[in-house]
Amino acid sequence: MSRLRIILGDQLSLGISALTGLDSERDVVLMMEVMEENTYVAHHKQKIVLVLSAMRHFAETLRQAGIAVDYVTLDDPSNTGELTSEMTRAVARHRPDGVVVTEPGEWRVQEVVEGWAALTGLPVEVRTDERFYASRARFAAWAQGRRAWRMEHFYRDMRREHKVLMEGEKPAGGAWNYDGENRKPLPESTQPPARLRFPPDTTTQAVMAMVEQRFSDHFGGLEDFGWPVSREDAVRALSDFIDVGLPRFGDYQDAMRAGGPFLFHSLLAPALNLGLLSPREVCQAAERAWRSGAAPLNAVEGFVRQVLGWREYVRGVYWNLMPEYADRNALQATRRLPAFYWTGKTAMRCLREAVSDTARYAYSHHIQRLMVTGNFALLAGVAPREVERWYLAVYADAVEWVEMPNTLGMAVFADGGQMASKPYAASGAYIDRMSDFCSGCAYDVKQKTGQNACPFNYLYWAFLIRQKDHLSNNPRLAMPYRTIAGWTSERQGAIVAEAEAFLDGLE
Ligand code: FAD
Ligand code: SF4
């Protein structure tokens with residue numbers, strides 16, 4: 001019995017379930033570069049290069065292992081541009097007895113795959129993606145019957161279940177969470193380490209030329225491309241992070257610095273999301289670093305929390321709530337996304353830095369995403385779907401199952417508190433405390449109103465005033481709402497008017 005084994009662009013792991021039991025005499029692996037996948041949003045050029053180059057490297061690895069690979073390139077003149085039509089063309093070429101695929105990471109692709117059996121008349125076996133700590137079913141079982149799905153509770157269960165950073169039944173070091181020691185501003189004198197980047201090899205260069213030609217109107221530049229595109233490079237990237245980033249990862253997890261896009265972050269999300277690294281191996285590497293004394297517990301726990309906690313948790317939220325989750329808009333936000341998200345042309349330095357890092361590296365770190373671009377979109381009342389499509393387009397690591405809950409749930413509170421117990425709304429004071437952006441900004445972070453005032457300041461208060469009906473009962477916002485209650489309605493109206501005038505000016 002021969003099978004067509006399908007490997008999608010984010011399934012580049014030798015251990016992927018679609019390859020289990022492969023018969024190298026009879027089976028063929030199908031890999032498809034299709035226009036549909038490269039244009040459902042206008043992805044950053046680096047993201048397209050990363051995915052296609054990593055796919056080509058993976059195909060080569062399979063061939064070297066003696067596996068037959070049918071690889072359809074994007075510039076193949078007979079390429080029809082869609083997963084389904086390419087799959088049916090491959091069925092006609094190979095006449096398999098069945099099709100095997102690992103469950104797709106995204107809802108959109110799952111819907112596509114669901115139509116394949118009826119279309120081909122063949123059995124289509126969709127296998128569980130076993131690369132995660134928690135399967136979709138495991139998360140669903142965890143979530144069932146809980147009123148609130150708090151990441152912290154899920155994370156602790158995962159630590160116990162998978163024996164990560166545990167000492168018997170107790171968390172390593174006696175505490176589950178070392179955030180109290182983490183998240184410091186970066187002292188001026190502290191220099192972030194140089195990071196291992198991967199200059200494009202000939203395969204990547206060929207993809208770059210194709211991308212420059214076919215996707216010239218997409219966002220971002222290719223000059224600074226440095227992502228690992230093979231398993232070997234991804235392993236080197238992990239090792240570099242463990243050596244130079246991890247020891248201070250926790251301390252400066254939330255810090256931001258102009259001209260310092262990477263700081264002590266791992267830069268591993270693209271490799272993880274493509275399958276070049278597994279979450280288990282990165283958590284194990286971090287835990288080993290702690291046990292050998294190479295990294296402190298606050299750093300290692302902070303990192304494990306992101307991978308074993310947040311990453312698995314957002315995947316569970318996504319699969320439990322899709323497809324309705326995509327349309328959530330609890331705060332009824334309707335503004336258009338300001339043009340500067342694409343051009344970087346704004347006098348607000350924090351936003352300018354975040355957008356220019358994004359264009360240059362297809363990267364900005366979590367706090368820039370959450371507390372700068374995300375915070376602005378939240379305070380400005382930008383329509384969640386517009387914000388969400390932007391994040392999905394512009395980052396090398398962007399895949400919908402992780403991007404969407406982070407955007408809708410964390411950044412713009414569109415899910416009304418399913419994930420976060422309060423919106424991540426902040427005035428300029430937070431950005432000033434955690435970065436050096438404000439000192440070189442055209443606006444004055446200390447001024448609350450007026451032409452020179454930092455827009456985050458009046459936008460913050462105007463947001464809370466506008467959203468009083470939705471948010472004033474939230475106990476975690478009691479303090480700012482007490483402040484507002486002490487203001488006259490004229491004062492409140494003036495703040496809202498100033499914010500509206502600023503936002504209208506952006507359009
Ligand atoms: P590090 O800071 O070094 O963190 C280590 C790893 O932990 C990351 O590689 C990632 O795998 C995981 N991680 C950290 N935070 C999160 C989180 N909140 N949710 C899930 N995993 C996390 N991450 C993506 O992988 N793809 C996305 O499309 C994406 N979109 C985001 C959109 C918004 C609005 C926000 C606020 C966050 C988003 N994140 C996304 C989460 C996070 O910002 C990135 O994972 C991280 O910045 C990637 O850089 P890094 O590898 O250096 O991460
Ligand atoms: Fe951003 Fe305001 Fe600081 Fe300027 S002053 S960098 S706008 S927070």
Side-chain angles (χ1 to χ4, degrees), residues 4-22 24 27-34 36-38 43-44 46-74 83 86-87 90 99-106 109-110 112-113 126-132 198 200-204 206-208 210-211 225-238 266-282 307 311 315 362 395-403:
L4 188 64
R5 311 261 181 171
I6 295 180
I7 298 292
L8 300 169
D10 58 356
Q11 298 182 340
L12 310 181
S13 322
L14 283 176
I16 190 92
S17 56
L19 296 180
T20 305
L22 179 136
S24 52
D27 294 355
V28 173
V29 170
L30 173 66
M31 296 180 72
M32 305 164 270
E33 295 179 357
V34 290
E36 178 187 40
E37 287 301 296
N38 288 299
H43 306 286
H44 193 301
Q46 284 194 30
K47 180 178 167 190
I48 301 179
V49 170
L50 169 67
V51 176
L52 300 188
S53 177
M55 286 174 71
R56 291 180 184 195
H57 281 87
F58 187 72
E60 194 47 37
T61 304
L62 293 178
R63 286 191 198 103
Q64 280 170 13
I67 295 170
V69 181
D70 182 350
Y71 193 99
V72 186
T73 58
L74 198 73
L83 288 174
E86 282 311 299
M87 184 277 305
V99 174
V100 182
V101 62
T102 294
E103 60 191 5
E106 302 189 341
V109 185
Q110 174 162 291
V112 168
V113 169
V126 182
R127 295 182 175 172
T128 302
D129 192 339
E130 285 158 359
R131 295 173 299 172
F132 294 88
F198 300 87
D201 64 7
T202 50
T203 304
T204 304
V207 178
M208 280 175 154
M210 182 176 74
V211 167
F225 185 93
W227 297 107
V229 291
S230 66
R231 164 79 186 156
E232 292 71 27
D233 284 352
V235 169
R236 288 176 58 214
L238 171 59
S266 72
L267 317 181
L268 294 177
L272 277 164
N273 296 347
L274 292 178
L276 301 179
L277 292 173
S278 82
R280 282 188 181 77
E281 76 183 316
V282 308
V307 179
R311 187 168 184 271
R315 179 171 182 262
Y395 291 111
D397 54 49
V399 282
E400 194 178 88
W401 64 263
V402 47
E403 174 275 328

Within the structure provided, determine whether [X] and [Y] are in side-chain contact (heavy-atom separation under 4.5 Å).
X	Y	value
I6	L83	no
V207	E33	no
L52	N38	yes
R56	M31	no
L30	V72	yes
T61	R231	no
V402	R315	no
N273	D10	no

Examine distances only and state if a side-chain atom of [X] and a backbone atom of [Y] form a donor-acceptor pair shorter than 3.5 Å.
X	Y	answer
R311	F132	no
S13	G275	yes
R131	S278	no
Q11	L8	yes
Q110	P104	no
H43	E37	yes

Where [X] and [Y] come nearest, the two heavy atoms and their spacing:
X	Y	result
T102	S17	OG1-OG, 2.8 Å
L50	W227	CD1-CB, 3.7 Å
D397	A269	CB-CB, 3.5 Å
G9	V51	O-CG1, 4.2 Å
M32	M87	SD-N, 3.9 Å
D27	G21	OD2-O, 4.5 Å

Are E403 and K47 ion-paired here, with the side-chain N under 4.0 Å from a carboxylate O?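 Not counted as a salt bridge, because no side-chain N and carboxylate O are separated by less than 4.0 Å.
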
Distance check, rounded to the nearest 0.5 Å: [X] atom [atom1] versus [Y] atom [atom2]?
X	Y	atom1	atom2	value
T204	Q46	OG1	CD	11.5 Å
L14	I67	CG	CD1	7.5 Å
L62	R5	CG	CZ	11.5 Å

By the definition side-chain contact (heavy atoms from CB on, under 4.5 Å), identify the one residue from L22, D70, V100 that meets it with V29.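 Single side-chain contact (heavy atoms from CB on, under 4.5 Å) partner of V29 among L22, D70, V100: L22.
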
Counterpart residues, ring pair (Phe, Tyr, Trp, His ring centres under 6.0 Å), relative to F198 (two or more places apart): none

Holding to salt bridge (Lys or Arg N to Asp or Glu O under 4.0 Å), I want the full list of residues that pass it with R236, two or more places apart in sequence or in another chain. D233

Side chains of T203 and S53: any donor to acceptor distance under 3.5 Å?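 No pair is found: no donor N or O on one side chain lies under 3.5 Å from an acceptor on the other.
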
What pairs of residues pass the salt bridge (charged side-chain N to carboxylate O under 4.0 Å, His left out) test when at least one of them lies in residues 60-69, not counting sequence neighbours?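 Residue pairs with at least one partner in residues 60-69: E60-R63.
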
